[in-house]
Amino acid sequence: MIKKRAVGDSGVSVTELGFGCGTFGNLYRAITDATARATVDLAAEAGIAFYDTAPFYGFGLSERRLGDALRGRDGMVVSSKVGRLLVADGALDTGAMRDGFASPMPFRAVYDYSHDGILRSHEASLHRLGLARVDLLLVHDIGRANHGDANARYWEQLTQGGGFRALERLRDEGTIAGLGLGVNETAVCLDALRETRLDVVLLAGRYTLLEQDALDAFLPACVAQRVSVLVGGPYNSGILATGTRSGGALHYNYDLAPPAIVERVRRIEAVAEAHDVPLAAAALQFPLAHPAVACVLPGLAGAEQVARTLDLYRADIPAGFWRDLRAAGLLRADAPAPDAAAA
């Protein structure tokens, strides 16, 4: 049984273990349509009922595969994203890796956070998914971390150009249940909270066993304003899933892990081994202890990963593990952890 948690005041509840569908866009490696379908079949049968995708994931491929796998199933909650429009381009080399995706889809992504761009993106997502509804619609990759100096122009589209108004209209009409952001940084989330009423933020990689700076301002603001957080990237791009002894490249935040991060993970591993706790289980379960967090969203690429993730989600972690992490300075003293519930 996978528990459900409410998403803000949207009226939607999500399973606290969700399914990130970036992998369905052939992220870093190709998978087959049959693999994608079988993966969703197993996940849905196991009780995972929340799926997150985006037009950017494989330039439409992820949405197509997810819709084909979910169509006809009852009780599934879907989120997708806006901020990029897909433009057909016959000159593209679809056999090459593009933005990390090995996708055959002949489209390129163009940023557009304007009122009309948001509405066009939402409509196109429904067509690719082949579904009548997207429950949660998230503004994708807004912020300086992604756009640098160009962010001012895109932020103006979203605010002065009516992007947020378009999302509010969709929510007010009942076309979507909730609106939010899907980002890798917290500063822009705080900016957005001053512009509109958010229901949800999908925050990737910024609230994990390795990073808890979100506790300073972002997570308290979410609690105060009843904004739910979906935690993406719980393994910080891999190093918290593989540990430091896998023998392969160690990845952190979409790049090779720097020595300081590798050393910190080694220290966390030592505490985990002392308590016979799988590192990946601790990474998966940790964010769920925070009252603002509704769901943790690992990316899943096959049935084996689904089965492994379910085991990690259900793994028993003793309260002493979290206490020892704190004592070693590896977990912030103000970070809620499952030991509070155990105590």
Side-chain angles (χ1 to χ4, degrees), residues 1-3 16-20 23 28 42-43 46 48 203-215 219 229 231-291 293 295-343:
M1 178 75 174
I2 300 176
K3 297 177 183 177
E16 60 183 22
L17 179 60
F19 192 129
T23 54
Y28 304 133
L42 179 60
I48 296 176
L203 182 67
R206 301 286 76 81
Y207 189 61
T208 69
L209 272 184
L210 281 173
E211 296 190 37
Q212 291 119 49
D213 287 350
L215 289 164
L219 287 169
V229 178
V231 173
Y235 305 128
N236 278 119
S237 298
I239 194 166
L240 288 175
T242 64
T244 64
R245 304 167 193 167
S246 63
L250 302 179
H251 290 100
Y252 167 77
N253 286 356
Y254 313 108
D255 206 343
L256 293 179
I261 290 295
V262 174
E263 178 56 28
R264 188 173 181 85
V265 174
R266 283 198 184 106
R267 294 177 63 201
I268 296 173
E269 279 181 301
V271 178
E273 288 174 359
H275 290 276
D276 196 25
V277 169
L279 175 65
L284 191 69
Q285 293 184 31
F286 163 70
L288 290 169
H290 197 282
V293 173
C295 175
V296 64
L297 271 167
L300 303 174
E304 183 178 337
Q305 288 190 11
V306 171
R308 169 69 171 156
T309 300
L310 289 165
D311 288 342
L312 296 173
Y313 167 73
R314 294 166 178 152
D316 221 10
I317 300 180
F321 166 74
W322 306 107
R323 289 197 295 269
D324 286 354
L325 279 186
R326 286 196 180 92
L330 296 169
L331 186 66
R332 279 179 49 156
D334 58 343
D339 62 342

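Residues: numbered from 1 along the sequence shown.
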| request: Nearest 0.5 Å please: distance from the NE2 atom of H275 over to the CG atom of D316. | output: 13.0 Å
| task | Show the numbers, then the answer: is there a side-chain contact (heavy atoms from CB on, under 4.5 Å) between H251 and L256? | result | CA-CA 5 Å; H251 290 100; L256 293 179; 4.1 Å; yes
| Check: R267 side chain, A328 main-chain N or O, donor-acceptor pair, under 3.5 Å | yes
| field | I239 vs L210 side-chain heavy atoms within contact, under 4.5 Å | value | yes
| field | Results of side chain to side chain donor-acceptor pair (under 3.5 Å) for E263 - residues two or more places apart only | value | none
Less than 3.5 Å apart, which donor and acceptor atoms pair up between the side chains of residues 303-311 and the rest of the protein, not counting sequence neighbours?
residue: Q305; atom: OE1; partner: A301; partner atom: N; Å: 3.0
residue: T309; atom: OG1; partner: Q305; partner atom: O; Å: 2.7

| remark: Hits for ring pair (Phe, Tyr, Trp, His ring centres under 6.0 Å) against F19, two or more places apart or cross-chain, chain-then-number order -> F24, Y51
| message | Checking S237 now: which residues fulfil side chain to side chain donor-acceptor pair (under 3.5 Å) with it, not counting sequence neighbours? | response | none
| message | According to side chain to side chain donor-acceptor pair (under 3.5 Å), who are the partners of Y313, at least two apart in sequence or on a separate chain? | response | E16
| Check: G205 main-chain N/O paired with N236 side-chain donor or acceptor under 3.5 Å | yes
| message | Would the distance check show the side chain of T242 and the main-chain N or O of G238 forming a donor-acceptor pair, the cut-off being under 3.5 Å? | response | yes
| note | For T23 and G299 the tightest heavy-atom approach is CG2-C, 4.2 Å
| field | Intermediate values then yes/no, side-chain contact (heavy atoms from CB on, under 4.5 Å), Y252 and V262 | value | CA-CA 9 Å; Y252 167 77; V262 174; over 6 Å; no
| message | Apply side-chain contact (heavy atoms from CB on, under 4.5 Å) to residues L17 and V296 and explain how you reach the verdict. | response | CA-CA 5 Å; L17 179 60; V296 64; 4.1 Å; yes
| query | When rounded to the nearest 0.5 angstrom, what is the spacing between CZ in F321 and CD in E273? | reply | 11.0 Å
| note | Between the OG1 atom in T244 and the CG atom in L279, the distance rounded to the nearest 0.5 Å is 8.5 Å
| note | Between the CG atom in L312 and the CG atom in L284, the distance rounded to the nearest 0.5 Å is 6.0 Å
| At what distance, to the nearest 0.5 angstrom, does CD1 of I261 lie from CG of N253? | 7.5 Å
| note | Contacts of D334 meeting salt bridge (charged side-chain N to carboxylate O under 4.0 Å, His left out) (sequence neighbours excluded), chain-then-number -> R332
| Stepwise, does the side-chain contact (heavy atoms from CB on, under 4.5 Å) test hold for Y207 with L219? | CA-CA 9 Å; Y207 189 61; L219 287 169; 3.7 Å; yes
| remark: For R314 and M1 the tightest heavy-atom approach is NH2-N, 4.3 Å
| request: Taking all non-hydrogen atoms of both residues into account, name the closest pair between C295 and G18 and its distance. | output: SG-N, 3.4 Å
| Do E269 and R264 sit within salt-bridge range, that is, some charged N less than 4.0 Å from a carboxylate O? | no
| message | Any side-chain to backbone donor/acceptor pair from T208 onto P234? Under 3.5 Å, distance only. | response | no
| request: Considering non-hydrogen atoms only, spot the tightest contact between L297 and G20 and give its length. | output: CD2-N, 3.8 Å
| request: Using atom types as modelled and distance alone, determine if a side-chain donor or acceptor of Q212 lies under 3.5 Å from a backbone N or O of A333. | output: no
| Minimal non-hydrogen separation, L209 against I268, with atom names | O-CD1, 4.1 Å
| task | Check P336 against F286 and note the closest heavy-atom contact, atom names and distance. | result | O-CE1, 3.5 Å
